[in-house]
Amino acid sequence: MTAVEEVPLSAAGNPIGFGSMRRVEDARFVRGQGNYVDDVNLPGMLHSAILRSPHAHARIVSIDASAAEALPGVVAVITGKILEGIPRPSLLGDNFAWMPTLSYDTQAVLATDKVRFQGQEVAYVIAESRYIAKDALELIDVDYEVLEPVMDAKMALDAGAPIIRDDKGQTDNSITDVHGNKTWESGNAESTAAAIAAAKADPNCVVVTQEIMYPRVHPAPMETCGSVSYLDKVTGQLTMYTTTQAPHAHRTVYAMVAGLPEQKIRIISPDIGGGFGNKVPVYPGYVLSVIGTIVTGKPVKWIEDRNENLTSTGFARDYHMTASIAATKEGKILAVDVDVLADHGAFNGVAQPTNYPAGFFNIFSGSYDYPDAHCKVTPVYTNKAPGGVAYACSFRITEAAYVIERVVDCLAQELQMDPAELRLKNLLRPEQFPYTSPTGWEYDSGQYEKTMRVAMEMAGYDELRREQAEKRTRGEYMGIGISFFTEGVGAGPRRDMDILGLGMADGIELRVHPTGKAQLRLSVQSQGQGHETTFAQIVAHELGIPPEDIEVLHGDTDNTPFGLGTYGSRSTPVSGAAASVVARKVRDRARIVAAAALECAPDDLDWELGRWYVKGDRERGKTIAEIALLSHSSLELPEGVEGHLDATAVYNPPSLTYPYGCYICVVDVDPGTGQVKVRRFIAVDDCGTRINPMIVEGQVHGGLADGVGMALMELIAFDTDGNNLGGSFMDYLLPTAVECPDWELGETVTPSPHHPIGAKGVGESATVGSPAAVVNAVIDALSPFGVRHADMPLTPANVWRAIQGNAIRVDMAIE
Amino acid sequence: MEVTITINGTPVTSDVEPRTLLVHFVRENAGLRGTHWGCDTSNCGTCVLWVDGSPVKSCTMLAAQADGHEVTTVEGLEQGGVLDPIQQGFIECHGLQCGFCTPGMMMTGRWLLDNNPNPSEVEIRDCISGQICRCTGYKNIVASIQWAAEHPLTSEVTA
Ligand code: FES
Ligand code: FES
């Protein structure tokens, strides 16, 4: 189960089971033979483009598309008015101008009454080429009556604030979830308030309160969103090539939105150029490409520009948090309370399990042992793009991990205690697992102190502190930042977790052909995670079939079983478990077939990797390939046993898995310019069993770069007029190879006790855990200036302002 | 206007609008979809190919400007069924995940090694700093280019 186990190699040199192996996917990618949505070209295909609002809040007085319609090469121009006229025989809304979001709100497909954020979809042009479609956008004349926008979440609930969702008859900008709640609370409010009040009154205790903003950022995968849709009017079959992380869930949503029969919808998610949560929601653009093919009878391609991607599709975070932490003067944490103002933008389009409207934010109590925790989240509408749950956030555990790790450092500074020592005093101990957190999560397993000590050892922590002290005497500002995070990943179980009523369980199908080669059909969708490799390794581990003999199919709803898709680090915890379970079903069936062939009882057989043999007589046995052929032969099988080895399974996880890790970042800050240089980054992850350590490490590397990006440069800010100031890669800065250090990775392995192979999922760990380490390092460097906190991104300007004692709000442009 | 560009050794002639970007010519007119497009502002580098042997962001250049010139794309790296060491390096060192930035990264990496066969880590990072990868955190891209530097004559095809 752990990495030390000896794994035999196949003829091709691959591990028959777990271990690093080269990726199957790479053969096509390094040749430029990937097949992304924009690479799909169908005969007679038309192109399209979306006209977007230049205003954050405006009434649409009129739209004149006649000049655009007259442009040669334009096939159709569609406006909200036209969509409003198309009745929809479906459960969700009565016409096509509006669609449901994944959070039971409504969102305009094309604006009819008002535009509610800059970049909102206003009209849709279908033309013979993309260039012509873009030309036509310039010819559409929209008369807007500009309204005052709500750009500052802190003012959204003020009396007299402009009302954004008058379409729903709202009288304020509050958000009401499907259960009727306007705020989302978790934990024990009374005991937490009492503990904090008691600590305030106790001279042996301290309470630290800090406002901490997690600004709006964007996942910005290198491939933007897009789709190619084709409705065959004769057969009624809708085929859609689309950038989705959840092909099956999307199929069901399109069936509901478009009122099309679900058996006639085929979603193909070919190669996806990165997702990070950006490709979970259903966007108006996707729906418009479907409407486009319905209207024209031809295949219609829609591909976003980068500006459209950054300004209109799923942003992430935008949480204004105020955290209070109470502790004894010796550094024993007593209670944490967090109050959050959550900016959801103009439509509540958050992609998360229905019962968790603030995602899994309430796991914020973190990796520490204390009894009292409470949070309250107040969501509001603003005139910004919708979204919120994206960017490898594990359903908002990024915000949770950031707030606790930041406020623990604030506490350390208040107590003048080393932040490592403070954490070591409070970490959960191995014997406390399974551990129920004060907000109700049941952490499965962990050896927190061991992991932290590995990280400190790798970093040479004490030596770093000595170096820092010595540098300070010379006026050099070096910082060391630690973060220790715990995630809960792998949603469901079904009884608690669903999206739009679809329970979060995943199907899988394993076919074993007569020659002993296999095909595994997945419901989840790789966006670069390497499923074609790692899922074959899981089956290899269970059945002894070499991974190169197992073809993994995914991304085509006609050829794979239903499941909820890949986000929230759920592929390995859920679908990976399903792969293991379905392979074990095959193994059990193979045992019966082998017993029939060997003329013994199934119970008389023992398993070794790849074959069943007669107990006590190793020579007498059948390999899985021999059994596969026998299962198709005329061999007589016991009553009730059908032939073949093929099997299906649905995995409904009993609980989440809880990967965790300890990260240490070392920075050097130039106090004159505010420039931050990330010198070192040590990441020790414990994600349980590692199926392919090379891929696990690659996932961690990518997330660490995210952390450096968010901590130091990434930001979607707005000005007071509602202009998005992060609409291009010139304004929305992403880390390059120069800003990223040479990551230093370590590991501990604590398998999940309830996952069939003990794996926990790691895709988002580093994105969740790393921002706090970078920020803590920068603040540590600045502590001689009396800085206790400054918000991300810690750009040179923001660092410089913090040094001057003048830290600013980062989410709004300064006038 | 009629434009002829020799792409990976084969002349491709098309009648295109003067404003046609080179990236679109390569993808749509020549049908070579290994060169990608990822931004509006020439910041991402997914579109990098070579014009007359030097890396160019093909979204910043008009097809008309490349008329009569030689273009090399990712599809031109493999020779006679043998992968270029840079391709092999990306496989060996897990230098790619989603694969979207990979063609551009490989074209820049190959060019670097052609001009500096033993680059330092700093030189490699500097050379690819005009290109963005959202998946790998760059460490393994650097390692992939280093692998190619160390195996200049690989003939072993493993994928
Ligand atoms: S497409 Fe982004 S640099 Fe060319
Ligand atoms: S591998 Fe996905 S962007 Fe680089």
Side-chain angles (χ1 to χ4, degrees), chain A residues 13 20 22-36 38-39 41 130-131 219-224 271-276 303 305-307 526-530 694-695 697-706 708 728-730 734-743 766, chain B residues 17 19-20 24 27-28 31-44 46 73-78 83-84 86-88 90-103 106 121-122 124-142 158-159:
Chain A
S20 291
R22 288 184 287 255
R23 300 198 322 166
V24 176
E25 296 79 349
D26 294 353
R28 64 179 184 274
F29 291 134
V30 299
R31 290 175 170 87
Q33 300 295 329
N35 186 33
Y36 302 91
D38 197 18
D39 300 340
N41 270 331
R130 191 170 178 180
Y131 283 53
M222 291 317 295
E223 176 203 36
T224 59
D271 289 321
I272 300 297
F276 319 112
I303 301 288
D305 284 352
R306 177 57 60 188
N307 173 258
S526 174
Q527 313 120 47
Q529 294 90 335
M694 175 191 86
I695 288 181
E697 289 179 7
Q699 295 280 296
V700 173
H701 294 162
L704 297 177
D706 292 345
V708 168
S728 82
F729 281 162
M730 288 196 291
L734 294 168
T736 73
V738 168
E739 288 83 30
C740 293
D742 188 24
W743 317 114
Chain B
E17 287 186 65
R19 62 176 171 170
T20 304
H24 290 145
R27 286 179 54 81
E28 308 299 332
L32 295 171
R33 298 179 188 280
T35 301
H36 298 143
W37 170 91
C39 72
D40 319 325
T41 50
S42 294
N43 290 101
C44 77
T46 59
T73 68
V74 62
E75 289 90 345
L77 286 175
E78 186 177 2
L83 291 182
D84 187 275
I86 196 80
Q87 293 171 299
Q88 195 66 43
F90 272 71
I91 294 173
E92 297 295 334
C93 301
H94 189 29
L96 67 153
Q97 291 180 30
C98 78
F100 205 77
C101 71
T102 313
M106 291 193 305
E121 183 192 329
V122 172
I124 294 173
R125 286 183 181 269
D126 199 51
C127 192
I128 59 171
S129 65
Q131 292 166 246
I132 298 168
C133 174
R134 295 294 283 143
C135 301
T136 66
Y138 304 103
K139 179 178 170 112
N140 287 353
I141 293 181
V142 173
T158 56

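All chains are named by letter (A, B, ...) in the order of the sequence lines, taking the proteins before the strands, and each is independently numbered beginning at 1.
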side-chain contact (heavy atoms from CB on, under 4.5 Å) between Asp742(A) and Arg125(B): does it pass, once the steps are laid out? CA-CA 10 Å; Asp742(A) 188 24; Arg125(B) 286 183 181 269; 4.2 Å; yes

Shorter than 4.5 Å, heavy atoms on both sides: which option in [options] has the most such pairs with chain B?
{"options": "Gly275(A), Gly530(A), Pro219(A)", "answer": "Pro219(A)"}
{"options": "Ala705(A), Gly528(A), Ala737(A)", "answer": "Ala737(A)"}
{"options": "Ser526(A), Pro741(A), Gly703(A), Gly698(A)", "answer": "Gly698(A)"}
{"options": "Gln699(A), Gln529(A), Met222(A), Arg28(A)", "answer": "Met222(A)"}
{"options": "Gly34(A), Pro221(A), Pro735(A)", "answer": "Pro735(A)"}
{"options": "Leu704(A), Ile303(A), Ile695(A)", "answer": "Ile695(A)"}

What are the two closest non-hydrogen atoms of [X] and [Y], and how far apart are they?
{"X": "Leu96(B)", "Y": "Phe29(A)", "answer": "CD1-CB, 3.3 Å"}
{"X": "Val738(A)", "Y": "Ser129(B)", "answer": "CG2-CB, 3.4 Å"}
{"X": "Arg134(B)", "Y": "Phe276(A)", "answer": "O-CZ, 3.5 Å"}
{"X": "Cys98(B)", "Y": "Gly273(A)", "answer": "SG-C, 3.4 Å"}
{"X": "Met694(A)", "Y": "His94(B)", "answer": "O-CD2, 3.3 Å"}
{"X": "Arg22(A)", "Y": "Glu92(B)", "answer": "NH1-OE1, 2.9 Å"}

Under 4.5 Å heavy-atom distance to chain B, tell me which part of [X] shows up: side chain, backbone, both or neither.
{"X": "Glu697(A)", "answer": "neither"}
{"X": "Glu223(A)", "answer": "both"}
{"X": "Ala220(A)", "answer": "both"}
{"X": "Ile272(A)", "answer": "backbone"}

Check against side chain to side chain donor-acceptor pair (under 3.5 Å), Gln97(B) and Glu25(A): CA-CA 9 Å; Gln97(B) 291 180 30; Glu25(A) 296 79 349; over 6 Å; no

Under a 4.5 Å heavy-atom cut-off, does chain A meet the side chain of Thr20(B), its backbone, both or neither? both

Please classify the contact of Gln87(B) with chain A as side chain, backbone, both or neither, using a heavy-atom distance under 4.5 Å.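 For Gln87(B), heavy atoms of backbone and side chain both lie under 4.5 Å from chain A.
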
With no hydrogens and no angle check, is any side-chain donor or acceptor of Trp743(A) less than 3.5 Å from a backbone partner on Lys139(B)?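 Looks like no, no N/O pair under 3.5 Å.
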
If we ignore hydrogens and angles and just use 3.5 Å, is the side chain of Tyr36(A) paired with the main-chain N or O of Arg33(B) as donor and acceptor?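 Here the side-chain-to-backbone pair does not exist.
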
Tell me, please, which residues at least two apart from Cys133(B) pass side-chain contact (heavy atoms from CB on, under 4.5 Å).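 Partners of Cys133(B) under the side-chain contact (heavy atoms from CB on, under 4.5 Å) test: Cys101(B), Met105(B), Cys135(B), Thr136(B), Tyr138(B), Ile141(B).
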
Quick one: of Gly34(B), Gly76(B), Gly31(B), Gly99(B), who has the most non-hydrogen atom pairs under 4.5 Å with chain A?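 Answer, by heavy-atom pair count under 4.5 Å with chain A: Gly99(B).
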
Identify which of Val74(B), Leu77(B), Val122(B) forms the greatest number of heavy-atom pairs closer than 4.5 Å to chain A.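 Option with the top pair count is Val74(B).
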
Supply the atom-to-atom distance [X] [atom1] to [Y] [atom2], rounded to the nearest 0.5 angstrom.
{"X": "Asn41(A)", "Y": "Glu28(B)", "atom1": "CG", "atom2": "CD", "result": "5.5 Å"}
{"X": "Asp40(B)", "Y": "Asn307(A)", "atom1": "CG", "atom2": "CG", "result": "6.0 Å"}
{"X": "Trp37(B)", "Y": "Thr224(A)", "atom1": "CH2", "atom2": "OG1", "result": "5.0 Å"}

Taking Arg27(B) first and then Asp39(A), would you say they form a salt bridge - that is, a charged N and a carboxylate O separated by under 4.0 Å? yes

side-chain contact (heavy atoms from CB on, under 4.5 Å) evaluation trace for Thr41(B) with Arg306(A): CA-CA 9 Å; Thr41(B) 50; Arg306(A) 177 57 60 188; 6.0 Å; no

